[in-house]
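Below you'll find the structure, written out as structure tokens, and then a few comments.
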Amino acid sequence: MAGIRMIDIAVNFTDGMFKGIYHGKQCHVSDIATVLNRAWAAGVTRIIVTGGSLEESREALAIAETDGRLFCTVGVHPTRCKEFEESGDPEKHFQALLSLAKDGIQKGKVVAIGECGLDYDRLHFCPAEIQKKYFEKQFELAYITKLPMFLHMREAAADFCEIVEKNKDRFTAGVTHSFTGSMDDSIKLLSFDKMYIGINGCSLKTTENLDVVKGIPIERMMIETDSPYCEIKNTHAGIGFVKSTWPSKKKEKYDQECIVKGRNEPCLVKQVLEVVAGCKGITDVANLSRTVYHNTCRIFFPHDLDSAADALLAGSNPS
């Protein structure tokens, strides 16, 4: 599988697991540099670090500034939207996000607004009404900055699509990441111009998931790990399509030559690509990777969308 280039659009490098902390306990040294080296060696050329709160977005930007191949998002995750009101001044909180986004754009690092959206699977963190209010509010960030949106939709397709429909002229493009919805949900999402669907291990758990992925055109798809979560497990329906593997050890027996058992990381985005190819019956994985890479550049890195990719795509498109 030579010549494969991949962009992981969702990595939670702000999570404690990448600092060696699991459930509040230090198990090994901070190892982002080691994880990155493995990713670059696997063919990953860029990574987008996810911001899920004002504080986390600040940290994501700081991490993105450490390597030319790292970028980030700025926004508030649906489960954390209470932070707007808990700040005591929601408008001031919004302005702080806007200021951070503008600063990151100037630095060439912030490429999307998000992670924002709706999550009705975890309403115990934040009620639906507050989620809806601040999901809608974050379209203002996209409108002002002219950035695409990095979106989250969990068990909330009807309300999510209604809000996107209402605000479709206020954002340039978007990706609904970590997609686990139904075929109907994917059809609804793809009815929006310039909406893409992000596929990771959580999107490939069951045979039903694989059937949905089969129906998503690769021209509207991106790939991601959402690491350290959403790994492809041995119990997942798509595991039979996985070809690339890495040695792993438990966190208590940390070895930098191995991935940490149970912790997803960006090199494993290659497995996502392999499962997508497998379930769609695509044998030319390199060509699939080019299409997906091109999709991702078109939305997040339009300034250096290479003409070579365009030429390759014009010549042969897998379906």
Any pair with a residue in residues 191-200 that passes salt bridge (Lys or Arg N to Asp or Glu O under 4.0 Å), sequence neighbours left out, goes on the list, sorted by first then second residue, please.
none

Side chain to side chain contact (heavy atoms under 4.5 Å, CB included) between Leu210 and Val275, intermediate numbers included
CA-CA 9 Å; Leu210 296 185; Val275 177; 4.1 Å; yes

Between Ile223 and Leu190, is there shared hydrophobic-cluster membership here, with clusters defined by ILVMFWY side-chain heavy atoms closer than 4.5 Å?
yes

Short question: side chain of Gln271, backbone of Ser244 - any donor-acceptor pair under 3.5 Å?
yes

Is there a chain of hydrophobic side chains (I, L, V, M, F, W, Y, each step under 4.5 Å between heavy atoms) that links Ile239 to Val285?
yes

Tell me whether Arg80 is salt-bridged to Glu83, with the criterion being a basic N under 4.0 Å from an acidic carboxylate O.
no

Taking Arg38 for its side chain and Leu268 for its backbone only, find out whether a donor-acceptor pair lies under 3.5 Å.
no

Qualifying ring pair (Phe, Tyr, Trp, His ring centres under 6.0 Å) pairs with a residue from residues 221-280, counting only residues at least two apart or across chains:
His28-Tyr254

So, taking the atom named CD1 in Ile48 and the one named CD in Glu224, what distance separates them when rounded to the nearest 0.5 Å?
10.0 Å

Would a distance-only check, ignoring hydrogens and angles, find a side-chain to backbone donor-acceptor pair under 3.5 Å from Asp119 to Thr79?
no

Residues Lys82, Glu85; criterion salt bridge (Lys or Arg N to Asp or Glu O under 4.0 Å); working and verdict
CA-CA 6 Å; Lys82 282 205 285 199; Glu85 300 191 349; over 6 Å; no

I want to check something: taking the side chain as every heavy atom from C-beta on, are Tyr134 and Pro78 in contact at a cut-off of under 4.5 Å?
no

Please verify the inter-ring angle class for Phe160 with Phe135; under 30° counts as parallel, over 60° as perpendicular, anything in between as tilted.
parallel

Do Lys109 and Glu65 sit within salt-bridge range, that is, some charged N less than 4.0 Å from a carboxylate O?
no

Answer yes or no for Lys137 and Phe94: cation-pi contact, defined as NZ/CZ to six-membered ring centre under 6.0 Å and angle to ring axis within 45°.
yes

Derivation and outcome, side chain to side chain contact (heavy atoms under 4.5 Å, CB included), residues Gln138 and Val76
CA-CA 8 Å; Gln138 290 181 81; Val76 181; 3.9 Å; yes

Provide the closest heavy-atom pair for Ala60 versus Val49 in the form atom of the first, atom of the second, distance.
CB-CG1, 3.8 Å

Are side-chain N/O atoms of Thr73 and Glu115 paired as donor and acceptor at under 3.5 Å?
no

Check for a donor-acceptor pair, side chain of Asn12 on one end and backbone N or O of Asp15 on the other, with a separation under 3.5 Å.
no

Side-chain heavy atoms of Val74 within contact of Leu141, under 4.5 Å
no

State whether the side chain of Ser203 and the backbone N or O of Phe179 hold a donor-acceptor pair below 3.5 Å, judged by distance alone.
yes

Could you list all the salt bridge (Lys or Arg N to Asp or Glu O under 4.0 Å) pairs where at least one residue sits in residues 247-258, not counting sequence neighbours?
Lys249-Asp255

Count I, L, V, M, F, W, Y as connected when their side-chain heavy atoms are under 4.5 Å apart, and connections chain through other members. Are Met17 and Val29 then in the same cluster?
yes

Which value, rounded to the nearest 0.5 Å, describes the distance between Met149 atom CE and Ile299 atom CD1?
13.5 Å

Please find the pair of heavy atoms, one from Leu123 and one from Ala128, that lie closest to each other, and give the distance.
CD2-N, 3.6 Å

Under a plain distance cut-off of 3.5 Å, with no hydrogens placed, do Gln131 and Tyr120 share a side-chain donor-acceptor pair?
no

Answer yes or no: is there a donor N or O on one side and an acceptor on the other, between the side chain of Arg5 and the main chain of Ser289, under 3.5 Å?
no

Checking side-chain polar atoms at under 3.5 Å, does Thr180 have a donor or acceptor matched by the opposite partner on Arg154?
yes

For the rings on Phe71 and Phe301, is their centre-to-centre separation under 6.0 Å?
yes

Minimal non-hydrogen separation, Ala286 against Ile4, with atom names
CA-CG1, 3.9 Å

For the CZ atom on Phe192, are there more than 12 heavy atoms of other groups (residues, nucleotides or ligands in this structure) within a distance under 6.0 Å?
yes

Tell me if a side-chain donor or acceptor on Glu155 pairs with a main-chain N or O of Asp121 at a distance below 3.5 Å.
no

Pairwise side-chain contact, Leu204 with Ile199, heavy-atom cut-off 4.5 Å (strictly under)
yes

Please, which pairs that meet salt bridge (Lys or Arg N to Asp or Glu O under 4.0 Å) have at least one residue in residues 160-186, sequence neighbours excluded?
Glu136-Lys166, Glu165-Lys168

How far apart are the closest heavy atoms of Ala39 and Ile47, and which atoms are they?
CB-CD1, 4.2 Å

Value rounded to 0.5 Å, distance of OG1 in Thr291 from OH in Tyr293
13.5 Å

Arg220 CZ to Ile216 CD1 distance, which is reported to the nearest 0.5 Å
10.5 Å

Using 30° and 60° as the class limits, which term best fits the ring planes of Phe139 and Phe171: parallel, tilted or perpendicular?
perpendicular

Is there a chain of hydrophobic side chains (I, L, V, M, F, W, Y, each step under 4.5 Å between heavy atoms) that links Phe125 to Leu54?
no

Filter on salt bridge (Lys or Arg N to Asp or Glu O under 4.0 Å), then keep only pairs touching residues 226-241, sequence neighbours left out; what's left?
none

Is it possible for you to say whether Val44 and Ile259 belong to one hydrophobic cluster, with membership spreading through side-chain heavy-atom contacts below 4.5 Å?
no

Distance col, row Ile113:CD1 vs Ile144:CD1, nearest 0.5 angstrom, shows 9.0 Å

Decide whether Arg290 and His294 meet the rule of one side-chain donor and one side-chain acceptor closer than 3.5 Å.
no

Donor on one side chain, acceptor on other, Tyr196 and Thr296, under 3.5 Å:
no

Pair up each side-chain donor or acceptor in residues 95-103 with any protein partner under 3.5 Å, not counting sequence neighbours, and list the distances.
from	atom 1	to	atom 2	distance (Å)
Gln95	NE2	Glu91	OE2	2.9
Asp103	OD2	Lys107	NZ	3.2

Is the backbone N or O of Glu56 less than 3.5 Å from a side-chain atom of Thr14, with the two atoms forming a donor-acceptor pair by type?
no

Flag the pair Cys72 / Ser57 as yes when at least one side-chain heavy-atom distance between them is below 4.5 Å, and no otherwise.
no

Got more than 12 heavy atoms from elsewhere within 6.0 Å of NZ, Lys19?
yes

Separation between CG (Asn167) and CD (Glu140), nearest 0.5 Å, reads 9.5 Å

Could you walk me through whether Asn209 and Thr206 pass side-chain hydrogen bond (donor to acceptor under 3.5 Å, both in side chains), step by step?
CA-CA 5 Å; Asn209 291 151; Thr206 65; 3.1 Å; yes

For His23, look at atom NE2 and say whether over 12 heavy atoms of other residues, nucleotides or ligands are found less than 6.0 Å away.
no

Keeping Asp89 on the side-chain end and Lys92 on the backbone end, is there a donor-acceptor pair under 3.5 Å?
yes

List the steps and the verdict of side chain to side chain contact (heavy atoms under 4.5 Å, CB included) for Cys297 and Ile7.
CA-CA 9 Å; Cys297 285; Ile7 297 172; 3.9 Å; yes

Any side-chain to backbone donor/acceptor pair from Asp8 onto Thr225? Under 3.5 Å, distance only.
yes

Salt bridge Asp31-Arg263, side-chain N to carboxylate O under 4.0 Å:
yes

